[in-house]
Each structure stands twice: as structure tokens, then as C-alpha cells.
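These notes are about the structure you will find just below.
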Amino acid sequence: TEHDVVVVGAGSGKDGGRGREADDAPTEVQVDVQRHPNRTRRGGRGSGIWKGWRTGTGSGRCTDLRCRWMSSGIPTEHDVVVVGAGPGGYVGAIKAGQLGLKVACVEGRGALGGTCLNVGCIPSKALLNASHKFEDAKKHFASFGVVCGDVKLDLEAMMKKKESAVSGLTKGIEGLFKKNKVDYVHGWGKITGPNQVTVAKSDGTQEIMNAKNIVIATGSEVTPLPGVEIDEEKIVSSTGALSLKQVPKKLVIIGGGIIGLEMGSVWGRLGAEVQVLEYAKNIVPSMDGETRKAMERVLKKQGFKIKTQTKVTGATVTPNGVKLTVEPAAGGAAEEMEADVVLVATGRRPNTAGLGLEEMGIETDRAGRVVVDMATFQTKIPSIRAIGDAIAGPMLAHKAEEDGVACMETIAGKNGHVNYGTVPSIMYTHPEVAWVGLTEEQCKEKGLEYKTGKFAMMANSRARTNDEPDGMVKFISDKKTDKILGVHMVGVNAGELIAEVVFAMEYGASTEDVARTCHGHPTLSEAVKEAAMATYDKPIHM
């Protein structure tokens, strides 16, 4: 709101009503008053924002005027306002604070961390870890001489453990915000100007925030499937699948991607029969073909039933569960399938509804992603940027984090950069699958001359000793230069092992560089070394 005069203090004005100059009262209240653009200031002291110290002498003296402004709806000023506090948003906000920028992060969920921390990456990994321990105790411990007797599932306790992990991490982000001077604004943000965000708060009030830069970091949401209405009880999204109150006898998963296979692993270990229905020719289409076949064999051995090239056209909730109507993806006779619970895991889409993009004229592509300059993250309005799942690229938390850091570096005048060719993908099944760079199929499509090298985990001493022999490591390199083009792994801790080759690829390494690097013995990482040796020369242990 605009005023001709703002009086700070409601005292009698015994100092003659003039107040004291800044040097006379260095420990009192700081006042930031922005002049209306259509008004002039008497006294010729310049234009724009006037900053100085003033005091009042009565009982109405304010000791934290900025906080009063925050609650009253008067515009606040920031270098950056980030809309969304998922991995991209909160990491970006923290980085902005570290770079010395005045930054605020707007989040309406009530907890920081976005989908990833609250209903995605973190709770799913908690359940994957817990369910794996349960299955080990029930099926595998005895072979190691650990006899547990009658192993029972306490699902309620398992869920509490998951929630404890989530709660601890969200509170940790709040602590990092305070440490790095990030203003945490509770509410849902909408862009209402090139330099303005209006925040709708839970109490019905609004707060107007002015910023030199606005960053859209609103993440993604579940893509709806026509004919299948999610109720988060019998027909669930990944969110509902994280909080089932009992283990379903039969779980049907629509979508054979990473999320579906991870959640199928959780409930399969706990006793559910798992059926996967995938529209495409293969599960996890982005995975290297040879790696996929190796993992699919393992999943089927674990009890997964996988049906590809299948389309789900309808779902009806019944007293006993859900009745699905399915048919071949290419067309054909329909059939019915029953399940206790159906998980819809058909992918995710950018979460940009209600942000004010259309009103601002900000362009989106056919997939709903905000169109930006990938070097600067700027939209067609230079002061508005977007990162993470809201823009092109893999919908991965770690990719969003890199976007967040690079975006803030560009705002601060530095050289932020993300190499999207070295963003790894990880599927946290057991064993894990991890990959980075080009698949063999992509190399063929590009007409590249390449060579491959493979090493089976069965030949790795640590994997054999731990009775975890499933999997392989595969390198793809340029046939002439030996530069690494892609690496694909199936195996225990593949998600950790992939970091070594991501680093190698970031610096343009060859497979010989990796092969000639000494790896500790006995370790799973020796499989990486041996696969690199197999690519440029020959492995030792196979």
C-alpha cells in the first residue's frame, strides 16, 4: 500500500517532531520506505528506496518493523523469491543466501522438502530399506547362521519409522534456512508481476512480495490416467502407496517405470502379489536394453508378474477391491482384472497450475514445462526463471538441486552450469540399477562408433562373499578415443557406485583412466574397474 507519510512511533514528539538522523540512533529501527513512482520527494535527496534510522519517543516504538510489514501485506523486498521448497527450491534458496543475496522461499505444503522429502524419494527409500530388512530376516538370515524364528511384520511401527525420517529431515532444512538467512514464507505463491509474488496464506490473508528475481521451483505432480480415478485408498498414487494401512493380497501397478517398480518391491517383500501393467514395449524405457533384461530377470525371480504393451481403460472400485478393464495397447479384446489395491504410476507432469503463467504470458511447451533459456534459466521475462521438474530435463531431485545452484549463481553474476549429459538415474530396487550417459540403443541411433565392456557381479569377490551375485557393470566408450559415453549397472549399491563414473565423465575420462585407477580390495567398486578394463583391454577376473 502507498502513503504520503509513514510515522514510526506514537509518542508526543518531544524532539520537535523531526526525529533524529541515522548517526544519532544507530541501534534503533531500520525503515525501508519506497517512494511511489508517480510522486516526488521534497528536499532533493534522490529517488528510489530511502534507508535510514529513525526513532520515536513514545510507547509505540517498534523494535521489529520488518516483521510487522511481513504480516500486514505491505510489499517486502528481496533479491530473489523462490516459489516452491522442493529439492530445487530449497537448495537454490540456501545457495542464494550463501551468495549474499536477500532471499525468501514460499511454500504452502506446511513442510519443506517438496514431494521428494515428504511423499517421494525419502519415505519410499525408508520403506525400501525397512522392507528389505524384513525380507532378509524372513528368508536369508538363516543361511548366514542368524536364526530369527517367527518373523512378524509390524506395519504401523514401520510407517512410524518412515515418518520419523521425514520429520527429522524437514526440520533440518528449516535449520539450514535460518543458518543461511532464508526467509521462509508459509503460503501458496502466484506470480502477479515481473517482480511480484502474491502469497495466499492459510488464514485467508495475502502477502505481496517484491523481488528483483523470481524463481519457479514448483516441481511436479502425478499425471492422471483417464478412466482411473485416484482415491488414495484402493486406487492410489505413489503418495497413497507410501501409507497403506495393510498389505494388499494383490497389488496391480499401472506403469512399469522406476516409481512403480520401487513401490512394487516394497509391498512384494511384505507379502503382496505384484502385477505390473506397462503400455510400452518394455519396462523403464529409458534404461539400456541389456541392463533392463538383466534386471527384469531378477524382478521375475522375485515374484513380479510383468505384462507389457497393455492399456488400462477403466477402473471400478468394488466392496472387495478394484476391477480393471485392460486391453492390448495396439487394440484388441478387452479383459477384466481384479486387485485389492491399484497403484497408478504412469509418470509425472510439471506442477504449474495457479502460478499465473498465462496471465504473465510465460510460455510452456506441450508437456506443460516452462520454456527457459537452459543456460540462464530465464523465461521470456528476464526477471522470472524456472528450474527442476518445471522445465525440460529428467524429473530427478538431484537434477533440480543442480539447477537451483546454477540458477542462483547466474543471478549473482557468476558462471552457473549444469551438464545434463552426466545426470545419473537410479532405481532403488534390490539389486539397484544405475546409469549415466548414453545407452547402447542411443549410440546406434546417433550413428556413433563405439565399443562396450562388461563385468558380472558374480565374478566380484565382495559380491560373492556377501551372497549378492546378481547384476553387472557395462561401459560404452568411443571406439577411437575411448572416451566414456555411458555406464550402466545392476547390482547392490549401484546407486553409490555410479558416482565414480559420473565424476570420470564430467572430466572427459576414458575407460583406461578408470581401469588404471587403483580400487580397494575386496570392494564392489572393483567391478567398475574390471568393466572398464574389459572395454579398453581385458578384465582380470573374468
Side-chain angles (χ1 to χ4, degrees), residues 136 140 143-144 282-284 286-302 422 424-444 448-505 507-542:
D136 261 358
H140 306 304
S143 66
F144 291 94
N282 298 299
I283 59 172
V284 198
S286 59
M287 194 181 289
D288 177 79
E290 190 173 11
T291 310
R292 182 193 308 112
K293 289 178 182 178
M295 188 60 204
E296 192 168 343
R297 286 194 296 269
V298 174
L299 291 173
K300 289 179 177 178
K301 189 167 65 174
Q302 292 175 354
T422 56
S425 294
I426 305 168
M427 185 167 77
Y428 295 88
T429 48
H430 189 84
E432 294 176 350
V433 186
W435 66 96
V436 62
L438 299 177
T439 65
E440 191 167 351
E441 291 76 17
Q442 289 171 330
C443 288
K444 290 177 181 177
L448 301 178
E449 292 188 349
Y450 67 92
K451 54 185 177 178
T452 65
K454 290 162 279 188
F455 189 80
M457 297 303 292
M458 186 180 295
N460 175 265
S461 59
R462 185 68 183 275
R464 286 288 294 273
T465 301
N466 293 349
D467 197 21
E468 299 281 9
D470 290 327
M472 59 177 281
V473 179
K474 173 182 177 179
F475 273 79
I476 305 172
S477 71
D478 184 276
K479 191 172 184 178
K480 294 179 180 178
T481 66
D482 192 35
K483 182 179 180 179
I484 302 169
L485 301 177
V487 184
H488 308 270
M489 305 178 183
V490 178
V492 174
N493 292 344
E496 307 292 338
L497 297 175
I498 198 70
E500 174 186 358
V501 292
V502 171
F503 181 80
M505 289 180 65
Y507 284 88
S510 66
T511 62
E512 184 177 358
D513 291 328
V514 175
R516 292 190 179 278
T517 301
C518 185
H519 290 62
H521 175 78
T523 62
L524 297 172
S525 68
E526 288 177 287
V528 177
K529 175 185 174 75
E530 294 264 16
M533 292 175 69
T535 310
Y536 95 93
D537 189 17
K538 293 180 180 179
I540 297 296
H541 293 95
M542 193 173 73

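This chain uses plain numbering: 1 for the first residue, then up along the sequence.
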Short question: side chain of [X], backbone of [Y] - any donor-acceptor pair under 3.5 Å?
X	Y	answer
T517	D513	yes
E530	M542	no
D482	E512	yes
E290	E440	no
T481	D478	no

A side-chain contact here means heavy atoms from C-beta on lying under 4.5 Å apart; do [X] and [Y] qualify?
X	Y	answer
W435	M287	yes
P469	M457	no
K300	E296	yes
V473	K454	no

Of all the heavy-atom pairs spanning [X] and [Y], show the shortest one and how long it is.
X	Y	value
K529	V514	CG-O, 4.4 Å
M427	M295	CE-CG, 3.9 Å
E432	Y428	OE2-CD2, 3.6 Å
T439	S286	CG2-O, 3.7 Å
A527	N460	N-ND2, 3.6 Å
V501	V436	CG2-CG1, 4.1 Å

Self-check item: Contacts of type salt bridge (charged side-chain N to carboxylate O under 4.0 Å, His left out), residue K479, not counting sequence neighbours
Solution: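 Salt bridge (charged side-chain N to carboxylate O under 4.0 Å, His left out) check on K479 returns nothing, list empty.
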For atom [atom1] of [X], decide whether the heavy atoms of other residues, nucleotides or ligands shown that lie under 6.0 angstrom number more than 12.
X	atom1	answer
K483	NZ	no
E496	CD	no
Y507	OH	no
H541	NE2	no

Exercise. Output, in order, the C-alpha distance, side-chain angles, deciding distance and verdict of salt bridge (Lys or Arg N to Asp or Glu O under 4.0 Å) for R462 and E468.
Key: CA-CA 8 Å; R462 185 68 183 275; E468 299 281 9; over 6 Å; no
[atom2] on [Y] to [atom1] on [X], rounded to 0.5 Å:
X	Y	atom1	atom2	result
R516	D537	CZ	CG	8.0 Å
H488	R292	NE2	CZ	11.0 Å
T511	Y536	OG1	OH	8.0 Å
T452	D288	OG1	CG	9.5 Å
I476	C443	CD1	SG	5.0 Å
M489	K474	CE	NZ	13.0 Å

Practice problem: Take Y450 and K444, measure what side-chain contact (heavy atoms from CB on, under 4.5 Å) needs, and give me the verdict at the end. | Solution: CA-CA 9 Å; Y450 67 92; K444 290 177 181 177; 3.0 Å; yes
Exercise. Answer yes when D470 and K301 have at least one side-chain N-carboxylate O distance shorter than 4.0 Å, and no when they do not.
Key: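 Judged by the 4.0 Å cut-off on N to carboxylate O distance, D470 and K301 do form a salt bridge.
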Exercise. Would you please say whether a donor-acceptor pair under 3.5 Å links the side chains of H519 and E500?
Key: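 A pair is found: one side chain offers a donor N or O, the other an acceptor, under 3.5 Å apart.
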Exercise. Determine, stepwise, if the pair V528 / F475 fulfils side-chain contact (heavy atoms from CB on, under 4.5 Å).
Key: CA-CA 9 Å; V528 177; F475 273 79; 3.9 Å; yes
Quiz prompt | Worked verdict on L299 versus I283 for side-chain contact (heavy atoms from CB on, under 4.5 Å) | solution = CA-CA 11 Å; L299 291 173; I283 59 172; 4.1 Å; yes
Quiz item: Does the side-chain contact (heavy atoms from CB on, under 4.5 Å) test come out yes or no for T523 and E526, once each step is laid out?
Solution: CA-CA 6 Å; T523 62; E526 288 177 287; 3.5 Å; yes
